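Only one structure is covered here, and it is reproduced in the block below.
Here the structure is a predicted model, which means the values were calculated and not measured. We name chains A, B, ... by the order of the sequence lines, and we start the count at 1 in each one.
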Protein chains: 2
Amino acid sequence: MKTIIPIHEVKINTAPNDSFFETYEAKFKALADRKRLQIMYELTQRGKTCVCDLCDVVEMAQSKLSYHLKILLDANLITKEIIGTWSYYEINNSAVNGLLSEELCCIFRPSGS
Amino acid sequence: MKTIIPIHEVKINTAPNDSFFETYEAKFKALADRKRLQIMYELTQRGKTCVCDLCDVVEMAQSKLSYHLKILLDANLITKEIIGTWSYYEINNSAVNGLLSEELCCIFRPSGS
DNA sequence: TGATTAAATCAAAAAAAATTGATTAATGAA
DNA sequence: TTCATTAATCAATTTTTTTTGATTTAATCA
């Protein structure tokens with residue numbers, strides 16, 4: 001039988017290794033840009049949104065927006081769904097919540113939740 | 001009389017402005033480097049530490065370490081105290097706790113707390 | 001089919017960040 | 001004072017990231 005330990009009760013006993021620091025380096029790099037933070041915020045407010053709409057909202061050229069979305073996607077901070085010729089992006093709430101403080105998560109969390 | 005509202009009860013009603021995104025861009029940029037994450041971790045484990053000791057621990061040349069410490073200091077993630085010719089750096093726990101998730105804070109929080 | 005639209009990718013250029021080794025400033029000890 | 005030590009700063013170089021505009025891929029529609 002497997003025992004499920006709530007994440008907040010897990011004690012870290014070993015020192016983080018290189019790959020730990022690498023993993024979080026990538027996540028923080030993705031967040032380390034005001035335009036990408038704005039994209040995250042808009043996705044939070046609007047929910048699942050297609051690229052062409054997001055282009056207008058954040059006032060960014062399409063190829064530039066694609067570049068930034070890819071960085072957020074690779075860091076697993078957002079998810080992507082393709083429908084026909086459209087690509088829809090959405091906030092990955094569990095990843096955001098696992099990374100950021102409650103205060104800060106609020107900015108990247110739908111107002112109702 | 002001033003009313004003190006616990007931070008977790010504060011509701012954000014207005015959209016974040018440019019300076020909000022700029023502020024967090026700087027903080028996440030500071031965290032977006034595996035060497036700086038390691039510095040943060042070591043400061044957490046060792047408490048207040050002087051630069052020359054930190055040089056040995058993170059195996060980094062002095063001028064390079066100074067450069068990275070300044071970035072963390074400017075982002076308010078660590079604090080500095082000068083005693084004689086020594087500079088001591090320390091984790092800014094409240095800033096870290098206000099920024100990162102509980103799980104992640106644990107890595108940057110003394111094991112006793 | 002051919003034309004249109006959405007979005008990813010590419011290559012070149014520009015901008016920003018990191019590294020390196022040397023210099024400087026400040027303190028303390030001989 | 002002179003010498004040694006600590007740590008910040010500087011300038012030049014290297015590396016990384018971002019921007020730009022063009023091209024490509026794929027789906028839809030007439």
With a 4.0 Å cut-off on heavy atoms, is [X] in touch with a base, just the backbone sugar-phosphate, or nothing at all?
{"X": "B:Ser87", "result": "sugar-phosphate"}
{"X": "A:Lys35", "result": "nothing"}
{"X": "A:Ile71", "result": "sugar-phosphate"}
{"X": "A:Tyr89", "result": "sugar-phosphate"}

Would you indicate which nucleotide in [options] comes nearest to any side-chain atom of [X]?
{"X": "A:Lys29", "options": "D:dA7, D:dT17, D:dT5", "answer": "D:dT17"}
{"X": "B:Ser63", "options": "C:dA7, D:dT9, C:dA18", "answer": "D:dT9"}
{"X": "A:Lys70", "options": "D:dT18, C:dT9, C:dA8", "answer": "C:dT9"}
{"X": "B:Asp33", "options": "C:dA8, C:dA18, D:dT18", "answer": "C:dA18"}
{"X": "B:Val51", "options": "D:dT9, D:dA8, D:dT17", "answer": "D:dA8"}

Just how far, in rounded Å, is [atom2] of [N] from [atom1] of [X]?
{"X": "A:Tyr88", "N": "D:dA27", "atom1": "OH", "atom2": "C1'", "result": "13 Å"}
{"X": "B:Tyr67", "N": "D:dC10", "atom1": "OH", "atom2": "P", "result": "14 Å"}
{"X": "B:Leu31", "N": "C:dA18", "atom1": "CG", "atom2": "C1'", "result": "17 Å"}
{"X": "B:Leu72", "N": "D:dA8", "atom1": "CG", "atom2": "P", "result": "12 Å"}
{"X": "B:Met60", "N": "C:dT20", "atom1": "CE", "atom2": "P", "result": "10 Å"}
{"X": "A:Ile82", "N": "D:dT28", "atom1": "CD1", "atom2": "P", "result": "12 Å"}
{"X": "B:Phe28", "N": "C:dA17", "atom1": "CZ", "atom2": "P", "result": "16 Å"}
{"X": "B:Leu69", "N": "C:dA18", "atom1": "CG", "atom2": "P", "result": "13 Å"}

From [X] atom [atom1] to [Y] atom [atom2], the distance as rounded to the nearest 0.5 Å:
{"X": "A:Arg36", "Y": "A:Leu69", "atom1": "CZ", "atom2": "CG", "result": "10.5 Å"}
{"X": "A:Arg34", "Y": "B:Thr23", "atom1": "CZ", "atom2": "OG1", "result": "9.5 Å"}
{"X": "B:Phe21", "Y": "B:Phe28", "atom1": "CZ", "atom2": "CZ", "result": "11.0 Å"}

Mapping A:Ile83 and A:Gln62 onto DNA chain D by nearest heavy atom, which one lands closer to the 5' end?
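By nearest-heavy-atom nucleotide position, the 5'-most residue is A:Gln62.
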Closest-nucleotide 5' rank along DNA chain D - winner of A:Lys64 and B:Trp86:
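Its nearest nucleotide lies further toward 5', so the answer is B:Trp86.
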Do the side-chain N or O atoms of A:His68 get closer than 4.0 angstrom to the phosphate oxygens (OP1, OP2) of D:dT19?
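Yes, such a contact exists.
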Within the pair B:Thr85 and D:dT6, is there a side-chain N or O less than 4.0 Å away from OP1 or OP2?
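For D:dT6, neither OP1 nor OP2 has a side-chain N or O of B:Thr85 closer than 4.0 Å.
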Which residue, A:Asp53 or B:Gly84, contacts DNA chain C at a nucleotide closer to its 5' end, judged by nearest heavy atom?
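Closer to the 5' end of DNA chain C: A:Asp53.
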Which nucleotide, if any, forms a Watson-Crick or G-U wobble pair with D:dA30, using both distances under 3.5 Å?
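Base partner found: C:dT1.
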Using side chain to side chain contact (heavy atoms under 4.5 Å, CB included) as the criterion, point out the one residue from B:Leu37, B:Leu43, B:Asn93 that pairs with B:Phe108.
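The passing option is B:Leu37.
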Can you pull out every salt bridge (charged side-chain N to carboxylate O under 4.0 Å, His left out) where at least one residue sits in residues 62-76 of chain B? Sequence neighbours excluded, please.
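Every salt bridge (charged side-chain N to carboxylate O under 4.0 Å, His left out) pair that includes a residue of residues 62-76 of chain B, provided the two are not neighbours, is B:Lys70-B:Asp74.
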Which residues pass the ring-ring contact (aromatic ring centres under 6.0 Å, His included) test with A:Tyr88, sequence neighbours left out?
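Testing A:Tyr88 for ring-ring contact (aromatic ring centres under 6.0 Å, His included), a comparison that skips the adjacent residues, returns none.
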